Every structure is written in C-alpha cells, then in structure tokens.
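Note that the structure is predicted; figures quoted are calculated from it, not measured. Nothing fancy with the numbering, it's 1 onward along the sequence. Below, all heavy atoms of this structure are taken into account, side chains as well, without hydrogens, waters or symmetry copies.
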Amino acid sequence: MIEHSVELGVSFVGVVLGLVILLVAEAVGAGEVVIAAGGAVAILGVAVLTAVVMRLPEPADSDGDHEHGHA
C-alpha cells in the first residue's frame, strides 16, 4: 500500500477540498457554479480513491480458503 500513498493522498485531499469548497460556497450563498465545482472536485476525489482501491491486491488467506464468508 506504500506504493499507492501518493494516489491515496491526492484523493483524500481532493475529497476534503471539494467538501470544503462545497460547504463554504453553500454557507456564503455563492453561485451554483461554485457549488457544483466543489461537488465535482469531491466526486473526482472519490473516483480516484475507488480506482486506487480497485488496483490493490487481495490479501493472502492464511488457511488457503478463498471464501469471504463464514459458514
């Protein structure tokens, strides 16, 4: 996961920055374009985070069982 730390950091900053823009713009009564831009930045951050998580390898099972549920 260390090799993906830059992507994870960028996505986290994108989500936080987008939410800050969105909330501050809504609080001060900014135009719809600014509010939409904040939402778009937050969604883009979530998309990058999703892409990074999808590329992570699955953890190896210690007992060799590849089922995710327990009976």
Side-chain angles (χ1 to χ4, degrees):
M1 201 149 119
I2 285 291
E3 61 270 5
H4 298 291
S5 62
V6 172
E7 292 94 350
L8 289 171
V10 167
S11 66
F12 181 74
V13 168
V15 170
V16 171
L17 180 65
L19 290 176
V20 167
I21 292 170
L22 181 66
L23 293 173
V24 169
E26 185 69 34
V28 298
E32 290 181 11
V33 173
V34 177
I35 294 169
V41 170
I43 289 174
L44 184 62
V46 171
V48 171
L49 179 62
T50 302
V52 170
V53 170
M54 290 293 293
R55 290 190 332 216
L56 291 176
E58 266 191 58
D61 289 335
S62 59
D63 59 357
D65 186 18
H66 294 291
E67 292 183 27
H68 295 288
H70 295 286

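Taking each heavy atom of Ser11 and Gly45 in turn, the nearest pair found is CB-O, 3.4 Å.
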Side-chain donor-acceptor pairs under 3.5 Å in residues 13-38, sequence neighbours left out?
none

Under 3.5 Å, which donor-acceptor pairs do the side chains of residues 48-57 form with other protein atoms, sequence neighbours left out?
| unit_1 | atom_1 | unit_2 | atom_2 | d |
| --- | --- | --- | --- | --- |
| Thr50 | OG1 | Val46 | O | 2.8 |
| Arg55 | NH2 | His4 | ND1 | 3.3 |

